[in-house]
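Have a look at the structure below, then the notes.
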Amino acid sequence: MQRIVVLVSGRGSNLATVHQRCVAEGWPARVVAVVSNRADAGGLAYAAEQGIATAVVDHRVHATRQAFDDALARVVDGFAPDLVLLAGFMRILGAAFVRRYEGRLLNIHPSLLPAFPGLHTHRRALAAGCKVAGATVHFVVPEVDHGPIVLQGVVPVHPGDDEQALAARVLATEHVIYPLAVRWFVAGQLRVEGGIVRHTGGASQVLI
Ligand code: GRF
């Protein structure tokens, strides 16, 4: 059984879909803990309801980014993870933290990377007149919203879309691609060579 720890800062809808698919499909894995920098994160409430262990590492009580990262790593290590997922975790993690979990740290970002790293992705995609948008699951590297791409979900941008409409469409594809990427990881079906991720069984790594 592979042990998954999920880091969240907010509502936790990606956490919920990964957890639900893991249980429903009987993956050789389970979500053993949900850790947040915010005590009021919806994802923590979901975890508690599901009987999943929770922990809070409040960034505000740590004087430096390094101190926060060290405290977070101590908590995460306490759950002995095989895989750590960032699922709407809104703190930038330092290089030492990222390297500690290198190769077993995934993130989901609501854009088709390398376009639009950072915040306000939907607003920026609309302002650029993009005709497609989407989300990316990638291995985490020290540079924020970069790293080997596991899987991308593509959705159309419709004329008349506002930020909310586009965000909702992208979120729907997030809820498909994150569980799929995690399932591939726990099944040992991902290989990273030269910064490129391949599915060993040749599965399509784009969902349109
Ligand atoms: C998602 O859009 C994810 O791509 C981004 O943060 C949001 C988290 O949403 N990194 P949720 O907390 O999983 O509902």
Side-chain angles (χ1 to χ4, degrees), residues 4-23 31 33-50 52 54-59 72 76 83-93 97-98 101 105-126 130 132-157 161-185 197 205-207:
I4 302 173
V5 171
V6 186
L7 306 190
V8 301
S9 297
R11 75 194 147 178
S13 69
N14 279 288
L15 154 70
T17 54
V18 168
H19 172 248
Q20 285 160 14
R21 290 279 298 279
C22 179
V23 171
V31 177
V34 174
V35 181
S36 182
N37 61 309
R38 296 181 56 114
D40 62 352
L44 285 179
Y46 172 82
E49 274 165 28
Q50 300 295 320
I52 300 167
T54 61
V56 176
V57 182
D58 188 339
H59 58 279
L72 185 63
V76 170
L83 174 63
V84 179
L85 303 179
L86 306 183
F89 188 67
M90 299 305 286
R91 305 301 299 174
I92 292 173
L93 295 164
F97 185 96
V98 170
Y101 303 103
L105 181 58
L106 292 174
N107 180 43
I108 187 156
H109 181 74
S111 80
L112 293 172
L113 292 173
F116 309 124
L119 297 175
H120 309 303
T121 54
H122 308 304
R123 192 186 307 168
R124 289 154 66 202
L126 289 170
C130 293
V132 293
T136 303
V137 179
H138 64 97
F139 283 98
V140 176
V141 297
E143 193 176 351
V144 175
D145 297 332
H146 284 68
I149 291 171
V150 176
L151 176 58
Q152 293 186 300
V154 182
V155 300
V157 179
D161 269 352
D162 60 12
E163 216 176 318
Q164 252 186 335
L166 183 55
R169 199 173 306 121
V170 171
L171 190 64
T173 198
E174 292 185 39
H175 291 167
V176 179
I177 65 172
Y178 215 1
L180 185 54
V182 175
R183 200 183 85 196
W184 288 347
F185 183 97
V197 187
Q205 289 169 253
V206 57
L207 194 120

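Owing to the predicted nature of the structure, the values given are computational and were not obtained by experimental measurement. Atom set for the values below is all heavy atoms of this structure, side chains included, hydrogens, waters and symmetry mates excluded. Every number for a ligand or one of its atoms is a count from 1 in the order of the listing.
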*Looking at atom 9 (O) of ligand 1, what's its closest protein heavy atom, distance included?*
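Going atom by atom, the protein heavy atom closest to atom 9 (O) of ligand 1 ends up being R11 NH2, 3.3 Å.
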
*What protein heavy atom sits nearest atom 8 (C) of ligand 1, and how far away is it?*
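Protein heavy atom at minimum distance: G88 CA, 3.6 Å.
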
*T121 side, atom OG1; D145 side, atom CG - distance, nearest 0.5 Å*: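 So the gap between those two atoms works out to 9.0 Å.
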
*asked:* Angle between ring planes, F139 versus F185, binned at 30° and 60°: parallel, tilted or perpendicular?
replied: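 The arrangement is tilted - the two ring planes meet at 30° to 60°.
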
*Who's closest to atom 5 (C) of ligand 1 heavy-atom-wise, of P110, G12, S111?*
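Minimum heavy-atom distance to atom 5 (C) of ligand 1 goes to P110.
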
*Using heavy-atom distances, let me know which of M90, H175, E174 sits nearest atom 2 (O) of ligand 1.*
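Of the listed residues, E174 has the closest heavy atom.
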
*Does T54 reach the main-chain N or O of V34 with its side chain, forming a donor-acceptor pair under 3.5 Å?*
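No.
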
*Just one of I108, V8, L72, V84 clears the side-chain contact (heavy atoms from CB on, under 4.5 Å) bar with F89, so which one?*
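The passing option is L72.
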
*Can I108 be said to touch ligand 1, with heavy atoms closer than 4.0 Å?*
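Right, I108 reaches ligand 1.
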
*asked:* Test your reading of the structure: does N107 have an N or O sitting under 3.5 Å from an N or O of ligand 1?
replied: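 There is no such contact.
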
*CA sep, side-chain torsions, deciding dist, call: L126, V157, side chain to side chain contact (heavy atoms under 4.5 Å, CB included)*: CA-CA 8 Å; L126 289 170; V157 179; 3.7 Å; yes

